Amino acid sequence: MKLLSKLIRDIRQSLGQFIALVLVVAVGAFFYGGLVSYSDTLRAYTTNYFKSHHLSDLTVYYKQLSKEEAARLSEIEGIHKLEGRYTLEAKQVFDNVKTSLTVHSIPANNEINTPTIVEGRLPSEKGEIVLDSHYAAEHQYRAGDTIRIYTDGTEFTFTISGLCENVEYAKKNRTQDHKAQGFAYISEETVPDILGGGFAYNEIMIDAEEGYDVDRIGKSIEAQSSPLAYLNQVNKERTFNYSQITQTIYNNTMMSKVIPLVLFLIEAVIVFLIMSRLIDSQRNQVGIMKALGVKSRSILLHYMGYPVLVSIVGSILGCVIAALVFIPMVRGSSARAYSLPDITFSLSLFTLIPPIIFSGAFGSLACYLSGRSVLKERAAQAMRPKPPKKMKKLIIEKIPGIWSRIPYSYKLILRNLFLNKQKALASSVGVVVSTVLLITAFGTQTALQKVAGQTEDVHTYDLRVDYSAGPIPDPADLPSGIKNRYGLATFPVEYIQGDEHENATLVVTENDNSLLHFFDDQDNRISLEEGGVLVPKSYADKYHIAEGDTIQLKFADPELKNKSVDMKVSHISTQYSNPSFYITPAYLKSFDLDYTPASLLIEAAGPADLANIRHFFEQDPQVDTLTYKSDLKKSAQYILKQNSFVFIMFIICAVLLSFGAIYTITSINIYERNRELATLKVLGYQKSKINRLIFFENIILTTFAVLVALPISGYVYSLVVKALSSTHQQIPDQLNPFVMSIAVIAAYLLTLLSNLLLRRKITRINMIESLKSIE
């Protein structure tokens, strides 16, 4: 009980130090609890959501397919369930703004890609439609309203029977823009009215048997579809919806492992250093307890109680803040990014356990290693102060004419630093890890901004036109006012290296395309070459691809008969978002493959011309989507907004962690030098001079720590970037000098803040008590 009272007294006497240590632990617990809850919830929910609503494993497209033909395909080995549907692309116009609406027929006994009804019911008869709930909210539609849509120049009127969400549209587009794009479902009875008589499918959805190879099913379907009007097929992994969500889950999982791990390791180092210094500073108290008959084990457990209490309080505080701040922010971010009905994010009590165990274990280990040597000493020996160290002359003292000119205060600082090299080094280690964390946090946020900013640097066109069918129109048929135009063709491919296969995208365009810019890792412009392929750096890093190498790409489009080609690497290109392989039409034709561009990049001569050009393409029924320059900016800002919260919190936590480390180390340093500082006060030193003495010493330690931290931070940052990057997402791996400068300035400001807060502690030093402490 007395030891418990002493523990409480120690905390009260150094409440600021205790609070700083609690903040250090709380930072790690905050990020661990928030990120783990987010990633685990998202993974568990999507896994169950995709499974319970039977997300299609494979979608096959035809010009037209009868029910009988679809029934015969269902007999292919490996198919658990097959459903056919008719899909059309419709348009709506609101105040001269055209929106896109993808309309599917829904089978009578629908079991694949089943919708979730939010309001109303599914369509049960002709003329009824169930509408995307988010699209409906944007345009003020409710169940029971009438909606008019246009397709191929024909107008159709439907009654909205209900509002829904669907597993195949959990992610509709990059910015999750519900206003410009939506989806809907109609009953099969309505299809003959759209076709003008008769009935047909143009898509089949396939639910594969558990564990069966979907690619094998696709090949079997392609083989049996030779007499049919077969067009294409896309497996689940290649759909925008599935690939984007799985990529997000991967990134969040990596962040939930990397960021808390980095914070916990830094926290462990800081706790270890502080507890070591704390026990060493209370050496005489250990001797008194031993003299009073307290067992060594009890003394050790007493000191271990301090970090355990810190870990419990800090972990609870961090998780509570995560529940109040992190989880609501994540909930809002997820709602903007995905359409996942009824997903709930909450913090589990089990997330408290790892931070408590991790921080408590490191603190207890520090107590054991620090107290082991003191506890081995006899009580009388421990109660005596350590014998003063023999001080050798400093190198600077041996240089004639320099030492005598140095002010006495600076001589004290230099002698103290070199007399207590181990303590100075230990203090520097805490500042080093804090500075490394600051540089990593600022660098990651800047990298995110660079990722968003590169979108506009790479794509400089005013308008991108994607056609749903047929090639791009002849130049003579295009409107006036077009300054530059270039064709574009996109092919789904598979990168092959040995036994490894990776889905990718191959883009074909002219080598003189001035509306697409490419950069190397030094931000220098590079161009397409006729005799090679431009490889994204994300793939080059993972598969160790270098310029001049030969890579193998396999075309996934069945129309190209899954042809595999070997391409020579001409350049490695830095592509932060949506990395793709690029070649020229001439290089494509060298593999006996035809170049038929289905997209058009356009640069307008002026704003007025752009308005006319937009109007022209909006009226073209063959146009599938239009992408404007404003859409690119919006997409870039969306990426920044969706991810910046985590990294801004990372920066805030890094600042708190750094402050906690610097404050506690400085606090212990003052405690250890109570007698020395009291002597200076007796000798007539003013409080301001003593404060300046401590402050300047800490500035020297911070400067040394910063010089050591700069090269280490580059390595730590590269590890974080490597963990968060993938072939489908690249993050800049070079630290900006400006970012490093900001982090260094922050380290100095935190040192200054710590000294200002500890001025009162120096003022309260009891001179008589400190000077008689040895007696």
Side-chain angles (χ1 to χ4, degrees), residues 43 46-47 49-63 65 70 73-85 87 102 104 107 110-114 166-174 183 201-226 228-250 490-497 499-507 539 552-564 578-581 598 726-728:
R43 186 191 309 107
T46 53
T47 300
Y49 185 44
F50 291 160
K51 186 176 181 179
S52 60
H53 288 269
H54 302 284
L55 179 63
S56 175
D57 293 310
L58 183 68
T59 304
V60 188
Y61 302 92
Y62 296 86
K63 289 182 179 179
L65 188 74
L73 292 173
S74 65
E75 299 172 0
I76 293 176
E77 182 182 0
I79 295 179
H80 174 256
K81 177 76 175 179
L82 181 148
E83 290 182 359
R85 68 182 181 183
T87 298
T102 303
H104 305 283
N110 180 218
E111 294 183 14
I112 302 176
N113 293 347
T114 56
N166 197 289
V167 66
E168 62 180 321
Y169 291 107
K171 182 72 173 176
K172 286 196 291 191
N173 46 55
R174 298 200 180 279
F183 61 89
Y201 297 132
N202 58 7
E203 290 181 13
I204 58 171
M205 304 175 292
I206 293 170
D207 182 22
E209 292 180 358
E210 189 76 25
Y212 203 89
D213 186 5
V214 176
D215 290 337
R216 187 176 171 184
I217 296 175
K219 291 178 181 178
S220 300
I221 289 177
E222 183 184 353
Q224 293 196 24
S225 297
S226 55
L228 306 176
Y230 173 75
L231 293 176
N232 194 6
Q233 60 178 263
V234 177
N235 61 26
K236 178 174 63 179
E237 287 73 18
R238 279 195 170 276
T239 61
F240 178 82
N241 169 58
Y242 187 84
S243 62
Q244 288 292 308
I245 289 182
T246 52
Q247 183 63 41
T248 300
I249 292 173
Y250 169 81
T490 304
F491 298 94
V493 296
E494 191 174 59
Y495 173 80
I496 301 173
Q497 187 179 81
D499 295 331
E500 295 187 84
H501 297 250
E502 182 94 34
N503 290 336
T505 301
L506 177 67
V507 179
Y539 283 82
Q552 184 180 5
L553 295 180
K554 180 182 178 182
F555 288 87
D557 193 335
E559 291 185 358
L560 301 178
K561 300 179 180 179
N562 297 317
K563 184 173 182 176
S564 296
N578 308 313
S580 303
F581 294 81
S726 68
T727 52
H728 301 290

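Small disclaimer: the values here were computed from a predicted structure and weren't measured.
Annotation: side chain of L58 is in contact with side chain of Q233 (closest heavy-atom distance under 4.5 Å). Proximity of Y201 to T87: side-chain heavy atoms (C-beta onward) are nowhere separated by under 4.5 Å. Between E203 and H104, the closest side-chain pair of non-hydrogen atoms falls below 4.5 Å. Residues T490 and T505 have side chains in contact (heavy-atom distance under 4.5 Å, counting atoms from C-beta outward). With contacts defined as side-chain heavy-atom distances shorter than 4.5 Å, the pair N202/L65 does not qualify. Contact check for I79 versus I206: side-chain heavy atoms found under the 4.5 Å cut-off. Using a 4.5 Å cut-off on side-chain heavy atoms (C-beta onward), N241 and Y169 make no contact. Here the side chains of L55 and Y49 are not in contact, with every heavy-atom distance at 4.5 Å or above.
Here the shortest heavy-atom pairing between N166 and F183 reads N-CZ, 3.8 Å. Contact between P107 and G84 at its shortest, heavy atoms only, is CG-O, 3.7 Å. When all heavy atoms of L82 and A70 are compared, the pair lying nearest together is CD2-O, 3.6 Å. Pairing each heavy atom of M205 with each of I112, the nearest pair is O-CD1, 3.5 Å. Residue Q224 comes nearest to L73 through the heavy atom pair CB-CD2, 4.1 Å, listed as atom of the first residue, atom of the second, then distance. Heavy atoms only, all atoms of each residue included: I245 and A170 are closest at CD1-CB, 3.5 Å.
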When you look at E77 and R216, which way does the side chain to side chain contact (heavy atoms under 4.5 Å, CB included) test go after all the steps?
CA-CA 9 Å; E77 182 182 0; R216 187 176 171 184; 4.2 Å; yes
Check the pair Y495 / Q497 against side-chain hydrogen bond (donor to acceptor under 3.5 Å, both in side chains), numbers first and verdict last.
CA-CA 7 Å; Y495 173 80; Q497 187 179 81; 2.9 Å; yes
Would F581 and Y539 count as a ring-ring contact (aromatic ring centres under 6.0 Å, His included) here? Give the steps.
CA-CA 9 Å; F581 294 81; Y539 283 82; 5.0 Å; yes
Evaluation steps, side chain to side chain contact (heavy atoms under 4.5 Å, CB included), between L553 and F491:
CA-CA 11 Å; L553 295 180; F491 298 94; over 6 Å; no
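Remark: the backbone N or O of E222 is not paired with any side-chain donor or acceptor of S226 at under 3.5 angstrom. No donor-acceptor pair closer than 3.5 Å links the side chain of D207 to the backbone N or O of K81. Between the side chain of T114 and the main chain of E111, no donor-acceptor pair closer than 3.5 Å is present. Between the side chain of H53 and the backbone N or O of V167, no donor-acceptor pair lies under 3.5 Å.
Separating the OG atom in S243 from the CD atom in E237 is a distance of 9.5 Å, to the nearest 0.5 Å. Interatomic distance, D57 CG to Y212 OH, rounded to the nearest 0.5 Å: 13.0 Å. Atom-to-atom distance recorded for S564:OG and I496:CD1 is 4.5 Å, nearest 0.5 angstrom.
Put simply, the residue from I204, N235, N113 that forms a side-chain contact (heavy atoms from CB on, under 4.5 Å) with S56 is N113.
A salt bridge is defined here as a Lys NZ or Arg NE, NH1 or NH2 lying under 4.0 Å from an Asp or Glu carboxylate O, and R85 with E168 meets this definition.
A cation-pi arrangement is found for K236 relative to Y242, the charged atom lying closer than 6.0 Å to the ring centre and inside a 45° cone about the ring normal.
Atom NE2 of H54 has more than 12 neighbouring heavy atoms from other residues, nucleotides or ligands inside a 6.0 Å radius.
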